[in-house]
Each structure stands twice: as structure tokens, then as C-alpha cells.
Colleague: 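Sharing a structure below in C-alpha cells format, with a few things to ask.
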Amino acid sequence: MASKLPPPPIVNPKRKNFLGQPAPQGYVAGVGRGATGFTTRSDIGPARDANDVPDDRHPAPAKRKKDDDEDLEEDLNDANYDEFAGYGGSLFNKDPYDKDDEEADAVYEAIDERMDEKRREYREKRRKEEIEKYRQERPKIQQQFSDLKRELCAVSEDEWKNIPEVGDARNRKQRLHGRREKFTPLPDSVLTRNLGGESGTSIDPKSGLASAFPGMLTPTGDLDLRKIGQARNTLMDIKLNQVSDSVSGQTVVDPKGYLTDLQSMIPTYGGDINDIKKARLLLKSVRETNPNHPPAWIASARLEEVTGKLQAARNLILRGCETCPNSEDLWLEAARLVPVDTAKNVIAQAVNHLVNSVKLWIKASELEQDMKAKKRVFRKALEHIPNSVRLWKAAVELEEPEDAKILLSRAVECCPTSVELWLALARLETYENARKVLNKARENIPTDRQIWITAAKLEEAHGNTTMVEKIIDRSINSLAANGVEINREHWLKEAVDAEKSGAVLTCQAIIKFVIGHGVEDEDRKHSWLEDADNFTSQGAFECSRAVYSHSLETFPAKKSIWLRAAHFERQHGTRDSLESLLQRAVAHCPQAEVLWLMGAKSKWLAGDVPAARSILSLAFQANPNSEEIWLAAVKLESENWEYERARKLLAKARNSAPTPRVLMKSAKLEWHLGDLAEALKQLQTAIEQFPDYPKFYMMQGQIHVLQQHMTQARESYNLGTRKCPTSVPLWLLLSRLDESQGNMTRSRSVLEKARQKNPQNSQLWLEAIRLEWKTGLKDIASAMMAKALQDCPSSGLLWSETIFIVDRPQRKTKSVDALKKCEHDPHVLLAVSKLFWTERKTQKCREWFNRAVKIDPDFGDAWGFFYKFELLHGTAEEQNDVKKRCVQAEPRHGEVWTSISKSPQNWRARTEDILLLVAEALSVPV
């Protein structure tokens with residue numbers, strides 16, 4: 001079937017769309033294809049006179065008018081060209097400006113206005129912020145003095161009167177010439193008018209003074225000043241009497257309390273009076289709309305109270321009590337506002353309406369002054385509300401112990417679920433009766449842990465220690481059986497409270513039975529040690545000890561727990577407790593050398609050298625050929641002047657355990673005893689056995705320096721740097737040896753080579769900087785410091801040196817930069833402390849010293865500076881505190897500390913002695 005043809009279109013497709021439309025203005029047919037037209041007189045028309053009206057039907061295209069200051073030619077120079085906006089001027093200024101251009105300009109102008117309207121809010125907001133910022137940076141003079149104006153409120157009346165008047169001193173004589181009155185001094189003849197020279201009290205009206213009182217004197221009368229004063233006082237008295245008494249005889253004004261009344265009339269509210277009026281209207285509307293709404297009455301009364309109208313507030317609150325007699329809050333507010341005598345009547349009415357209100361009865365008791373009256377009020381209240389725990393507690397607090405016991409017996413009958421009442425009764429009873437009371441309490445309240453814990457404390461207080469653990473164990477089982485969740489945190493808090501109350505056994509029992517609740521088996525060790533640390537931070541040392549004891553019973557072979565417990569006993573326990581713990585520790589962990597050494601050191605510090613030797617002998621049996629135990633035995637003998645025994649022990653150690661440390665200690669002992677030849681011999685043997693151990697070369701070179709054999713010392717150091725190129729102390733010793741010989745060039749080359757072997761090492765950079773600083777080349781030292789900080793940007797050692805290299809005004813800025821880079825570095829903290837020291841800020845200096853030694857207790861230089869500071873600026877107590885803390889920390893590092901502690905003449909010096917030597921060697925920072 002053939003498809004239908006589509007219907008013919010309504011519009012002829014061959015017809016052009018511009019046909020039938022008028023030609024655009026200025027259109028000339030054929031111009032596009034090159035045709036040119038011609039004009040005749042018929043096209044132009046007849047010649048027109050100058051006064052004829054022009055024909056504007058086809059005007060010539062108008063050109064855009066140029067401004068007078070616009071250039072005649074376009075500026076197409078490269079300097080006037082922008083890559084984004086083009087040329088600065090318009091390229092089409094010479095073209096005609098027709099209606100299309102005008103329409104396009106109108107469209108663009110409308111778009112600009114629309115876009116400007118969108119951005120207006122943001123622009124105005126930004127302009128407002130800029131203005132505010134400008135006003136803050138450059139305030140007006142009026143704003144600059146605003147704080148001083150506010151301070152004028154504190155100016156007293158006398159100070160205000162003493163403020164001099166601000167006057168204009170310009171042409172003052174000329175301005176005041178016409179207004180200034182002239183007075184003639186009164187001659188003495190007026191005062192001595194009488195012949196006898198007696199002074200009179202009247203003045204002759206003929207004299208010049210009479211003119212000062214016009215209309216008061218007759219031409220022939222005298223002026224009596226005394227009578228004028230008396231008349232003034234009489235007139236004032238008459239006026240006050242007239243005001244104070246009315247016609248009916250009632251007193252209206254008290255002349256004595258007049259000023260006081262005026263002062264009391266001053267309103268205390270400092271806000272806007274319009275706000276008060278609005279609040280009054282709103283609250284009045286609320287009261288009239290819902291008069292049974294008590295908060296509206298309370299708010300209205302408090303508004304009047306705030307504005308100083310106390311009587312109006314009382315009237316409002318009493319009207320509210322009449323309207324809402326069942327509101328407890330209204331009666332309490334009324335009792336607060338009215339005087340005490342009236343308050344008793346108010347509370348009496350309130351109790352009649354609300355006999356079961358506990359707050360009203362307590363308020364009634366507070367209003368009574370007599371103790372018997374208070375007791376009477378509470379007893380009457382308990383007759384109406386016998387199940388109120390709060391009333392029973394308040395009543396018991398007023399009674400003597402015997403009467404309180406009777407009251408509590410009745411209270412637990414009326415309130416059997418109150419734990420506090422049961423416990424209070426148990427505290428007042430004897431031991432046997434207290435046990436019975438607690439048993440009854442457990443029967444009535446089987447879900448409370450306080451009763452069980454109190455029972456355990458009771459048994460502990462009376463010496464029945466075996467029952468404490470049984471009670472705690474039964475309490476946990478009983479509470480679990482009654483569906484109570486065993487909250488581990490709450491029970492541990494109860495343990496801390498038990499320790500603070502002196503019940504140590506109860507505390508230990510709670511921890512023993514509760515510490516494992518809610519903890520997975522794999523997390524027990526970590527969780528328990530964390531609990532011990534928390535207890536220690538709270539000062540609950542018995543709780544910590546109980547946690548360690550339970551942990552060691554569960555994990556007896558864990559060396560880390562034994563070490564934590566030993567450190568705890570050393571800090572917070574006694575020597576006996578520490579030694580007993582270490583004895584149990586070495587029994588369970590015989591391979592732990594550190595536990596043996598701690599036990600031996602404890603005995604040695606106690607002065608029991610034979611016991612220390614016996615412990616070390618047992619340690620030898622458990623750990624044969626142990627380096628640590630050999631060296632500990634050698635130290636024990638050398639510290640007790642047994643040098644021959646120490647030498648024999650070292651000889652045995654060299655044969656059985658020839659380790660580098662044993663060989664070094666052997667040579668060091670000979671060095672300290674003065675046998676340098678034997679020390680060099682042993683060092684040579686040690687170098688042959690262990691050629692890569694750097695300390696052998698260091699000791700060998702130092703001994704050669706002591707013997708003034710500089711060439712041999714340099715050979716030892718050179719050999720050491722070849723064998724151990726990564727040992728920084730060896731490079732430093734070699735550089736300092738060359739520096740001491742005056743060979744700065746060789747010292748620089750050694751340090752340069754050391755930095756190539758050990759890049760990014762702050763110690764080598766610091767040594768090179770100090771070398772240049774000593775030689776006076778400060779510019780080179782500053783340049784090297786900049787390179788060093790680029791190489792080691794987070795080195796606290798370099799930053800601390802930078803603070804004191806720069807000039808004094810720049811030190812604070814450098815210290816801030818150092819703290820940003822190395823906030824927790826002990827060297828930087830020490831440098832900041834010294835900076836505060838130079839500025840004489842002792843309190844801040846002490847705080848930063850404490851921060852430095854707390855971050856790194858092993859930093860001996862910080863302890864030395866801290867102790868020197870306290871010697872100069874602190875008390876004896878503060879000095880002893882620093883010394884004690886340093887001895888406990890036992891520091892071993894620090895540039896000055898190691899140079900003194902490792903000196904041969906100080907080889908037997910203790911920490912306290914080294915601290916004194918370091919403080920003496922350090923200089924006060926400037």
C-alpha cells in the first residue's frame with residue numbers, strides 16, 4: 001500500500017523571508033556586488049533656503065563625538081596593549097555611531113547595571129568591613145578617650161572639685177577688664193570704731209559696706225551680723241517644723257533621716273526604663289490571661305525587686321499566693337521577699353495548703369533561730385511525710401549521737417531503701433549491732449555495693465582481716481546474681497576511696513576480684529599496667545601495689561612487669577619492700593640480669609657490701625659469663641677501695657667474657673689508678689682484638705695527650721678515624737688536638753672531612769662554627785650557621801647556639817623561631833631559660849628550667865645551669881630540691897657534664913659531687 005504524501009507547507013519555502021519588509025536605514029541596493037548609483041536633481045529635490053526645515057527622514061550616519069581631551073589619532077603603540085583587554089583606547093572611534101551601536105551600548109549598560117546590583121550587597125558589606133578596620137587602626141580622638149571617660153565614674157567628689165577650670169588665657173586681661181569688680185580693703189578704723197578700741201558687731205551704714213545689703217537697712221540703722229546669723233537658723237528651723245508636721249499631727253518628713261531616705265529612693269536598676277515598661281506590660285498580660293500560672297507571678301515580683309520597688313514585689317507575690325495556693329515555688333519566693341517575721345506566717349499558710357512539701361518544711365526550719373524550734377518543725381514534718389529521706393537526714397544532723405541513733409532506727413523502718421540512712425545507723429552502732437544493721441540493709445537493698453564495702457571496712461577496722469576478701473567476693477557474686485552490672489571503673493574508684501579512708505585490705509581485695517572484669521585475656525597485661533599508672537598519678541600507691549601484685553601472680557615470668565614493679569617500689573616504697581620484691585623477681589626470672597643488678601645496688605647503697613657480693617655471686621651462677629654482672633662486680637669492688645679484687649675480677653672477665661666493654665673497663669681502671677703504661681698495653685691488645693671499637697682509640701689518644709706525646713696521640717686519632725669513620729667523638733678529639741696546637745687550618749680540614757663522612761651531623765657543624773668564632777671570624781661563623789641550619793633544620797643543638805650568636809635585640813626572635821622548629825628539644829629549652837636569666841626574669845627562668853629537666857632528665861648541663869641559677873637567685877630549700885631531683889635522675893649526658901664526670905680525677909665522684917663541679921664550671925649567661 002503506497003504511503004501518503006505529506007501535506008503541502010503553509011509557507012512557500014522558495015519565498016525569501018526579507019521580502020515585504022522595509023529596507024534597513026542607509027541601505028543601497030547593489031552595493032554588495034559592486035554596483036554604484038548616481039544622484040540627480042530629482043533625487044535631491046529643489047534647492048532649499050537656509051530657513052527651511054530640514055528633511056530628517058534619511059539622515060546621514062552620525063559620528064561619535066570625541067571629548068576635547070581625547071587624542072585625534074589612536075594610540076596603537078605596544079606600550080598601550082594589554083594581552084587580556086587589548087589596546088587602551090577604542091579601535092573604532094573613527095567609525096560612524098549608528099542605532100545598532102546605541103542599542104548594543106544600552107544592552108551592555110543594562111547588563112552592567114544588573115551585575116552591579118547582584119554584587120552590591122557583597123560590595124557594601126566589604127566596604128563596611130574596610131571602614132570598620134580603618135576605624136580600628138585609625139580611631140577618632142573621641143574614641144581614643146572613651147576608656148578614660150568611663151574611668152571618670154571612679155572619681156570621688158573631692159577629686160572632681162579639685163580639677164582646675166579650663167580657661168582661655170588669650171587676652172584675658174582685656175576680656176575681664178570690664179567685668180571684674182573692684183573692692184577696696186576695709187580699713188581697721190571700721191573695726192575699731194569705739195574709743196576704747198573694742199571691736200563692734202555693727203557696721204555704720206554710711207560706710208561703703210552698707211551698699212552690699214540694699215533695702216535691708218534704714219538710713220539711720222545699724223547692721224548686726226550676729227542677729228542675721230541667728231535669724232537664718234531660726235527661719236530654717238521653722239520651715240523644717242512646718243514640713244515635718246501636717247495639720248493632723250502625723251509625721252510626714254523626718255528631718256534627720258531625710259538624706260538617707262533620698263538615697264534609698266535611687267533606683268538600683270541601670271537599664272533602659274522603656275524595657276522595664278515593656279516587661280511590665282507583657283507580664284501583666286500573662287497574669288491576666290492565665291492567672292493560675294505561677295512563673296508569671298514570680299517573674300513580675302522579681303522585676304519589681306530588680307527595679308527597687310520591693311513593696312510592689314511583695315504585694316504581687318502575695319496576690320500570686322492567693323491566686324495559686326498550691327504552688328510550692330510561689331510560697332518559697334514569698335518567704336524570700338517578705339521580712340523574717342512575716343515569712344514565718346507565710347510559710348505557716350503554705351504548709352496548711354501543701355502539707356507534703358519537703359522544701360516548705362525545710363524553709364520553715366531555716367526561719368527558726370532556736371534549735372528546739374528547728375527540731376520541733378522537723379518532727380512535725382516527719383509526722384506528715386515519714387518517707388522523706390531528706391527530712392530524716394536533716395533531723396538527724398540536729399540530734400546528739402544517742403538521739404540520732406533512735407531517729408535512724410525509726411528512719412530505716414520508714415525508708416528501708418535508703419542506703420545512706422542504713423550506713424549512718426551502722427556507723428553509730430557498736431560492732432555487733434553494726435553487723436546486724438548491715439545484714440538487714442543487704443536484705444532490704446540487695447543491689448547496692450556500698451553496703452558490702454562498708455561491711456568489709458567494718459571487719460578490717462576490727463581486725464577481722466580474713467573476712468574482708470570473703471565479703472568482697474560474696475558481694476560480687478550476690479550483685480551479679482541480682483542482675484547488677486559489675487562496673488569496673490566504679491569499683492576501682494571505690495578502691496581508691498577505701499585507700500584514702502585507711503582501709504588498705506579492702507582496697508586490695510576490691511582490686512583482686514574486680515580488676516579482671518571486662519578485660520580480654522590478651523589485653524590483661526597492658527590494661528593492668530595502665531591501671532597501675534593511673535593509680536600512681538592519683539597518689540593511690542596501695543592500689544598500684546595491689547595491681548602489680550595481682551599482675552605478678554598472673555604473669556610471674558614477665559620480666560617487664562617485675563621491672564615496672566621494682567621502679568615503683570624504688571620511687572614510692574621502702575628499701576625493704578624493694579629488696580623483697582627483687583628477691584621474688586630473681587627467683588621467677590633468674591636470667592634477668594637487670595633484676596640481679598638492682599638488688600645488688602640496693603644492698604650496696606644501704607651499706608651492706610657482703611650482701612651485695614652474695615647477690616652478684618648468685619647472679620654469676622644463674623648467668624655465667626654475663627658482661628653486665630662482671631662489670632657490676634668490678635664497680636662494687638672499686639667503689640669500696642678493693643682495687644686488687646677488681647683487677648682479679650677483670651682478669652677473669654677478660655679470659656671468660658672478653659667483650660669490648662670488659663677490655664675498656666680494664667684499661668680504664670689502670671688509667672684511673674695511675675698505671676698509664678699498663679693501660680696503653682691493654683688498649684693495644686684490645687685494638688688488635690676489636691679494631692672497630694672507637695673508644696679504644698679515644699682512650700689511647702687521651703693518655704698520649706696526658707703524657708705530652710702529641711704526635712702519637714694524632715696517630716691514634718687518625719687510625720681511629722680510618723677504622724671508625726662514623727665515630728663523631730673521634731673526629732672532634734682530632735680537631736681539638738690540632739686546635740690546641742694552634743693549627744687552625746688542619747683543624748678546619750679535619751672537620752670538613754668529618755662532615756663529608758658524616759653528613760647532616762649537628763655536632764660537627766657546631767664545632768666548626770665555634771672554631772671560626774674563637775678565631776674572630778664572626779661573619780664566617782654566621783654564614784656557616786646558616787648553612788648548618790639548612791643542612792640540619794630540626795637540630796636543637798644548633799638552634800640553641802644561634803640564640804646567643806646573634807645580637808641581643810634579635811635573641812628573642814631567634815628563640816621564637818627555635819621553639820617553632822624544636823618545641824620539645826632540651827637544648828632549646830635550656831637556651832630559652834638562659835635568655836630569661838639574662839633578662840632577670842627569675843620566675844619564668846625557673847619555669848623553663850623545670851620544663852627542660854622534665855623533658856630530658858638525663859641532660860646533665862640543664863641540671864648544672866638550674867642548680868647554679870638556684871645558688872644565685874633561690875632559697876636553700878629550692879637548692880636542695882634541685883640537688884635531690886638531680887641525684888634521683890642520675891644524668892649522664894651533656895657537653896660540660898661528660899667532660900667533668902669522665903675526667904680521671906673524678907672517676908669515683910657521685911652525682912651530687914659532679915653537680916657541684918658542673919655548676920662551678922658553668923658561667924652565668926650574658
Side-chain angles (χ1 to χ4, degrees), residues 279-280 282-400 403-418 420-421 424:
R280 280 200 185 104
L282 288 173
L283 291 173
K284 183 180 179 182
S285 175
V286 173
R287 293 197 309 270
E288 292 176 352
T289 305
N290 188 5
N292 295 322
H293 187 56
W297 295 98
I298 295 173
S300 301
R302 290 186 178 176
L303 175 64
E304 300 300 336
E305 181 189 9
V306 167
T307 55
K309 299 183 177 181
L310 188 58
Q311 189 58 42
R314 291 170 179 170
N315 296 336
L316 273 173
I317 202 68
L318 291 176
R319 282 173 51 199
C321 292
E322 294 175 1
T323 308
C324 309
N326 295 324
S327 173
E328 183 182 63
D329 295 333
L330 264 177
W331 288 108
L332 291 173
E333 187 70 14
R336 185 184 69 84
L337 288 174
V338 300
V340 178
D341 297 335
T342 312
K344 292 182 180 179
N345 299 329
V346 170
I347 290 296
Q349 297 178 18
V351 169
N352 290 331
H353 288 91
L354 299 169
V355 72
N356 292 325
S357 174
V358 177
K359 292 182 179 179
L360 290 176
W361 285 106
I362 292 176
K363 184 66 177 178
S365 172
E366 292 175 355
L367 291 175
E368 297 292 344
Q369 301 296 328
D370 187 18
M371 187 61 67
K372 291 183 179 179
K374 289 179 179 288
K375 294 179 182 179
R376 195 182 309 117
V377 170
F378 278 125
R379 288 175 183 174
K380 192 171 183 180
L382 289 171
E383 291 177 3
H384 294 90
I385 320 172
N387 58 350
S388 173
V389 177
R390 187 177 176 185
L391 285 176
W392 281 110
K393 288 169 62 178
V396 167
E397 289 175 356
L398 299 177
E399 301 291 343
E400 297 294 329
D403 296 335
K405 192 186 300 182
I406 298 172
L407 272 179
L408 285 171
S409 301
R410 176 62 180 158
V412 294
E413 294 176 4
C414 297
C415 307
T417 57
S418 174
E420 297 180 5
L421 295 177

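Only this structure's heavy atoms are used, side chains among them; waters, hydrogens and symmetry mates stay out. The chain is numbered in sequence order, starting from 1. This one's a predicted model, so the numbers in the text were calculated from it and none came from an experiment.
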Colleague: Could you state the interatomic distance from CG (N352) to CG (L360), rounded to the nearest 0.5 Å?
Modeller: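 Rounded to the nearest 0.5 Å, the CG-CG separation comes to 10.5 Å.
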
Colleague: Please give me the minimum heavy-atom distance between S300 and L283, naming the atom from each residue.
Modeller: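 In terms of heavy atoms, the two residues are closest at OG-CB, 3.3 Å.
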
Colleague: Please report the interatomic distance CD1(I298) to CZ(R302), rounded to the nearest 0.5 Å.
Modeller: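 These two atoms lie 6.0 Å from each other.
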
Colleague: Between W331 and H353, is there a side-chain heavy-atom distance shorter than 4.5 Å?
Modeller: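 The answer is yes, as the side chains (C-beta and beyond) meet within the 4.5 Å cut-off.
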
Colleague: Please examine the side chains of D329 and P294, heavy atoms only from C-beta on, and report whether any two atoms are closer than 4.5 Å.
Modeller: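 Answer no - side chains too far apart.
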
Colleague: Does a donor on one side chain sit under 3.5 Å from an acceptor on the other, for Q349 and N345?
Modeller: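 Not at all, the side chains of Q349 and N345 share no donor-acceptor pair under 3.5 Å.
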
Colleague: Please determine whether a side-chain nitrogen of the Lys or Arg among E304 and R280 lies less than 4.0 Å from a carboxylate oxygen of the Asp or Glu.
Modeller: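 Here E304 pairs with R280 in a salt bridge, since their nearest N and O are under 4.0 Å apart.
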
Colleague: May I ask you to decide whether R336 forms a salt bridge with E333, counting only side-chain N to carboxylate O separations under 4.0 Å?
Modeller: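 Counted as a salt bridge, because a side-chain N and a carboxylate O are separated by less than 4.0 Å.
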
Colleague: Distance check, rounded to the nearest 0.5 Å: N292 atom CG versus T323 atom OG1?
Modeller: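 It is 7.5 Å, given to the nearest 0.5 Å.
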
Colleague: First locate atom CD1 of I347, then atom CD1 of I362, and finally report the distance between them rounded to the nearest 0.5 Å.
Modeller: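 Here the rounded value is 11.5 Å.
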
Colleague: Can R287 be said to sit on top of W297's aromatic six-ring, NZ or CZ under 6.0 Å from centre and within 45° of the ring axis?
Modeller: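 The answer is yes, since R287 meets both limits relative to W297.
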
Colleague: Answer yes or no: is there a donor N or O on one side and an acceptor on the other, between the side chain of N290 and the main chain of V286, under 3.5 Å?
Modeller: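 Checking the backbone N and O of V286 against the side chain of N290, no donor-acceptor pair under 3.5 Å is found.
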
Colleague: Minimum heavy-atom separation for C321 and A334, please, with both atom names.
Modeller: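 Heavy atoms only, the tightest pair is SG-CB, 3.8 Å.
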
Colleague: Side chains of L318 and V346: does their closest heavy-atom pair fall under 4.5 Å?
Modeller: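 Result yes, sub-4.5 Å side-chain heavy-atom pair found.
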
Colleague: Rounded at 0.5 Å granularity, tell me how far CG in L330 sits from CD1 in I317.
Modeller: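 These two atoms lie 5.0 Å from each other.
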
Colleague: Would you say the side-chain atoms of S365 pair up with the backbone N or O of W361, donor to acceptor, closer than 3.5 Å?
Modeller: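 Checking the backbone N and O of W361 against the side chain of S365, no donor-acceptor pair under 3.5 Å is found.
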
Colleague: In Å and rounded to the nearest 0.5 Å, what is the CG to CD distance from L316 to E305?
Modeller: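 Atom-to-atom, L316:CG and E305:CD are 12.0 Å apart.
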
Colleague: Do other residues, nucleotides or ligands put more than 12 heavy atoms under 6.0 Å from the NZ atom of K344?
Modeller: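 Check passes, neighbour count above 12.
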
